[in-house]
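Some notes on the structure that comes next.
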Amino acid sequence: MELSEILNIDYPVSQSTVDKLLAVASRLTIKKKEYVIEQGKRTDSLFFITDGLFRGVHVRDGQEDTILFAVTGDPFTSLHSMAHDEPAQIAWQALDKSEILAIKYADFNRLLETEDDLLRWWSRALLDQVYVLERRYVWIGSNDAASRYESLVKTRPGIMTRVPVKYIAQYLNVKPETLSRIRARLARKS
């Protein structure tokens with residue numbers, strides 16, 4: 001997916017602005033299982049997935065919690081690093097061989113000051129990310145595991161065969177065995 005297509009998902013950005021972003025972007029190929037952002041380390045870039053699949057994961061007391069999935073067309077970064085130059089709280093790991101664009105915060109922030117369409121895009125993108133996190137928080141607390149699974153299948157059908165069961169189980173806040181039973185029960189129904 002091209003950067004212009006990615007940006008235009010949230011807000012129409014001019015080709016001139018896209019060209020300015022591309023002039024400061026680096027194209028990276030990320031291996032499967034490779035971390036682009038590591039928890040506890042600062043990052044200095046905003047990333048755009050042009051092809052691939054990632055998971056956002058937080059480790060606490062040795063336990064992994066898959067919080068987010070990001071697919072082709074999604075941006076990601078550490079807001080802790082970007083906003084306050086703090087270490088990342090969420091690590092980002094490629095689940096497939098992936099292609100991304102990396103744009104340094106300094107370059108991105110400089111363009112935010114001069115390109116109104118980029119600033120509007122950034123505002124919409126941030127609101128969307130907060131919405132997703134809030135929705136997940138409420139969703140985890142108010143639905144049973146089978147409903148959460150069915151909802152994930154509907155909202156992100158393309159990832160279901162590409163993401164290991166243990167990460168889907170973490171995301172749904174269930175044990176892998178529970179997820180296997182849910183999948184088997186739903187398969188028998190269809």
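In this text the structure is predicted, and so the values were computed from the model without any measurement. Atoms considered below: every heavy atom in the structure, side chains included; atoms not considered: hydrogens, waters and symmetry mates.
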Task: Audit row: Arg162, Leu95, side-chain contact (heavy atoms from CB on, under 4.5 Å) steps and yes/no - done: CA-CA 8 Å; Arg162 298 168 56 199; Leu95 296 178; over 6 Å; no
When you measure from the side chain of [X] to the backbone N and O of [Y], does any donor-acceptor pair fall under 3.5 Å?
| X | Y | result |
| --- | --- | --- |
| Ser123 | Leu119 | no |
| Asp74 | Val71 | yes |
| Asp10 | Trp122 | no |

TODO: Salt-bridge test for Lys31 and Glu34: reply yes if a basic N is under 4.0 Å from a carboxylate O, no otherwise.
DONE: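 Looking at Glu34 together with Lys31, the answer is no, because their closest N to O distance does not fall below 4.0 Å.
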Task: Lys/Arg N to Asp/Glu carboxylate O, Asp117 vs Arg120, below 4.0 Å - done: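 Not counted as a salt bridge, because no side-chain N and carboxylate O are separated by less than 4.0 Å.
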Do you know the tightest heavy-atom contact between [X] and [Y]?
| X | Y | value |
| --- | --- | --- |
| Tyr105 | Leu46 | CE2-N, 3.7 Å |
| Thr29 | Lys97 | CG2-CE, 3.5 Å |
| Arg183 | Val165 | NH1-CG2, 2.9 Å |
| Asp51 | Thr72 | CA-OG1, 3.3 Å |
| Ser81 | Ala88 | OG-N, 3.8 Å |
| Arg148 | Val174 | NH2-CG1, 3.4 Å |

Working to the nearest 0.5 angstrom, can you tell me the gap between [X] [atom1] and [Y] [atom2]?
| X | Y | atom1 | atom2 | answer |
| --- | --- | --- | --- | --- |
| Glu99 | Arg27 | CD | CZ | 8.5 Å |
| Asp144 | Ile182 | CG | CD1 | 7.5 Å |
| Glu177 | Arg181 | CD | CZ | 7.0 Å |
| Phe69 | Tyr171 | CZ | OH | 7.0 Å |
| Leu152 | Ile168 | CG | CD1 | 6.5 Å |
| Lys104 | Ser26 | NZ | OG | 6.5 Å |

- [ ] Return the orientation label for the Phe108 and Trp121 ring planes: parallel under 30°, perpendicular over 60°, tilted otherwise.
- [x]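 Plane angle over 60°, so perpendicular.
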Starting from [Y], can I reach [X] by hopping between I/L/V/M/F/W/Y residues whose side chains sit under 4.5 Å apart?
| X | Y | result |
| --- | --- | --- |
| Leu68 | Ile30 | yes |
| Tyr131 | Leu133 | yes |
| Leu101 | Ile6 | yes |
| Leu3 | Leu126 | yes |
| Val132 | Ile49 | yes |

Open item on the list: Taking atom CD as the centre, does Glu2 end up with more than 12 heavy-atom neighbours from other residues, nucleotides or ligands that are less than 6.0 angstrom away?
Closed with: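 Check fails, neighbour count at 12 or below.
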Contact check, side chains of [X] and [Y], non-hydrogen atoms, under 4.5 Å:
| X | Y | value |
| --- | --- | --- |
| Val57 | Gln39 | no |
| Val24 | Arg110 | yes |
| Leu111 | Leu21 | yes |
| Lys20 | Leu118 | no |
| Ile100 | Phe54 | yes |
| Arg42 | Pro87 | yes |

Task: Pi-cation contact, Tyr11 with Arg124 (under 6.0 Å, within 45°) - done: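 Arg124 over Tyr11 ring: no.
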- [ ] In sequence, state the C-alpha distance, the side-chain angles, and the governing distance for Gln15 and Asp19, and then conclude on side-chain hydrogen bond (donor to acceptor under 3.5 Å, both in side chains).
- [x] CA-CA 6 Å; Gln15 189 58 48; Asp19 291 342; 2.8 Å; yes
Open item on the list: So, applying side chain to side chain donor-acceptor pair (under 3.5 Å) with Glu64, which one of Arg55, Gln93, His58, Lys166 is it?
Closed with: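 Testing each of Arg55, Gln93, His58, Lys166 against Glu64, the sole residue satisfying side chain to side chain donor-acceptor pair (under 3.5 Å) is Arg55.
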